[in-house]
Protein chains: 2
Amino acid sequence: MILDKTDKKLLKLLQDDSKQTNKALSIELGLSVTAVFERIKKLDANGIIKKYVALVDKKRVNKGFVAFCHVKLIQHSQDFVVSFEREVAQLEEVLECYHISGDYDYLLKVLVEDMEAFREFMVKKLTRINHIGSTHSMFMINEVKHTTAIEL
Amino acid sequence: MILDKTDKKLLKLLQDDSKQTNKALSIELGLSVTAVFERIKKLDANGIIKKYVALVDKKRVNKGFVAFCHVKLIQHSQDFVVSFEREVAQLEEVLECYHISGDYDYLLKVLVEDMEAFREFMVKKLTRINHIGSTHSMFMINEVKHTTAIEL
DNA sequence: TATGAAAACCGGGTTAG
DNA sequence: CTAACCCGGTTTTCATA
């Protein structure tokens with residue numbers, strides 16, 4: 001699917017606030033309500049828009065402590081990789097996990113309440129997973145920018 | 001604000017799909033539509049829910065190339081830090097930027113189309129910012145997990 | 001429960017390939 | 001001639017007091 005200028009503008013608006021009414025969007029875009037409705041339907045159907053979600057303020061729910069964990073596996077056989085990935089994906093503290101290039105194999109973004117909880121997480125959950133060689137953690141001091149909106 | 005079990009369940013549902021009708025939510029939670037409405041209103045008003053957004057599939061919009069850049073500043077005087085943070089926050093390719101502990105000062109998550117675009121970004125944008133000492137980039141090979149939902 | 005508003009759907013008209 | 005797009009009106013559904 002090819003996105004024209006209007007689609008991109010529409011996506012920008014929806015990535016910023018998905019609760020706007022089609023009417024408000026139609027005014028912003030200079031289109032009819034129906035046209036907006038159809039464009040959104042198409043963006044949904046084509047999977048351009050994956051889902052609509054509420055974003056929760058992590059500080060207000062006591063998950064203000066963010067850690068980034070680099071993880072290296074002992075071995076890189078298919079089995080090890082698959083089972084590590086399956087297990088790590090199930091950990092509720094892990095919001096993101098990427099297989100990356102470089103010295104370490106994985107980069108994890110971990111959300112917990114505080115350092116104490118992080119220690120618990122490391123000891124009782126992450127390092128309990130087999131095949132982990134070494135880990136290296138960094139802690140968030142300040143969040144400079146955090147958006148879910150992709151510029152188009 | 002204290003969240004009870006029902007609030008947490010409600011937040012879980014809304015973090016997964018914010019387009020559900022209050023009726024659907026009320027059935028799921030075993031409440032009346034009005035009760036659900038009031039709880040959501042309260043969560044909104046208290047800033048527990050920050051915003052409602054559409055999530056766009058990065059691969060479908062040609063932003064499937066993800067890089068993580070570590071950045072070290074030359075100096076750490078107030079001025080340098082403030083101006084670096086202000087400038088980096090304005091870069092559209094940078095979705096996330098964290099001031100972190102460890103060998104490097106910052107961790108950036110960068111979304112671009114491909115390696116070529118990443119090169120452009122580094123040369124023309126990131127390293128054009130003053131006060132940058134060194135950088136170290138890692139590239140995403142695979143996204144194992146990526147959720148915006150905080151477990152409560 | 002009631003009501004005002006918005007979403008969802010439909011038929012028709014317009015333009016571009 | 002077909003397909004994609006856009007519009008206005010109608011029905012249904014939802015948010016909200």
> To the nearest Å, how far apart are I40(A) CD1 and dC9(C) P?
Replying inline: 14 Å
> Does a nitrogen or oxygen in the side chain of K23(A) sit under 4.0 Å from OP1 or OP2 of dA7(C)?
Replying inline: no
>> So K19(B), base contact, sugar-phosphate only, or nothing? Heavy-atom distance under 4.0 Å.
In response: nothing
>> What is the separation between atom NZ on K42(A) and atom P on dC9(C), rounded to the nearest whole Å?
In response: 17 Å
> Taking CG from L31(B) and C1' from dA15(D), how many angstroms apart are they, rounded to a whole number?
Replying inline: 17 Å
>> Treating R60(B) as the side-chain partner and N46(A) as the backbone partner, does any N or O pair qualify as donor plus acceptor under 3.5 Å?
In response: yes
> K41(B) has a side chain; which of dC6(D), dA17(D), dG9(D) sits nearest to it?
Replying inline: dA17(D)
> 5'-most contact on DNA chain C: T34(B) or N22(A), nearest heavy atom basis?
Replying inline: T34(B)
> Just how far, in rounded Å, is P of dT16(D) from CG of D44(B)?
Replying inline: 9 Å
> Ignoring hydrogens and geometry, is there a side-chain-to-backbone donor-acceptor pair from S101(B) to F139(A) under 3.5 Å?
Replying inline: yes
> Rounded to the Å, how far apart are L25(A) CG and dC6(D) P?
Replying inline: 14 Å
> Can you check the D4(A) CG to dC5(D) C1' distance for me, whole Å?
Replying inline: 11 Å
> Over how many whole Å does the gap from F37(B) atom CZ to dT1(C) atom P extend?
Replying inline: 18 Å
>> Name the residue from E93(A), E143(A), E113(A) that meets the salt bridge (charged side-chain N to carboxylate O under 4.0 Å, His left out) definition with K58(A).
In response: E143(A)
>> Measuring from atom CG of D16(B) to atom NZ of K12(B), what distance do you get when rounded to the nearest 0.5 angstrom?
In response: 8.5 Å
> Below 4.0 angstrom from OP1 or OP2 of dC6(D), is there any side-chain N or O of R39(A)?
Replying inline: yes
> Rounded to the Å, how far apart are L43(A) CG and dC5(D) P?
Replying inline: 11 Å
>> Here's a test of your reading of the structure: between E38(A) and Q20(A), which maps to the more 5' nucleotide of DNA chain C?
In response: Q20(A)
> Hey, are K72(B) and D103(B) close enough for a salt bridge, meaning a charged N less than 4.0 Å from a carboxylate O?
Replying inline: no
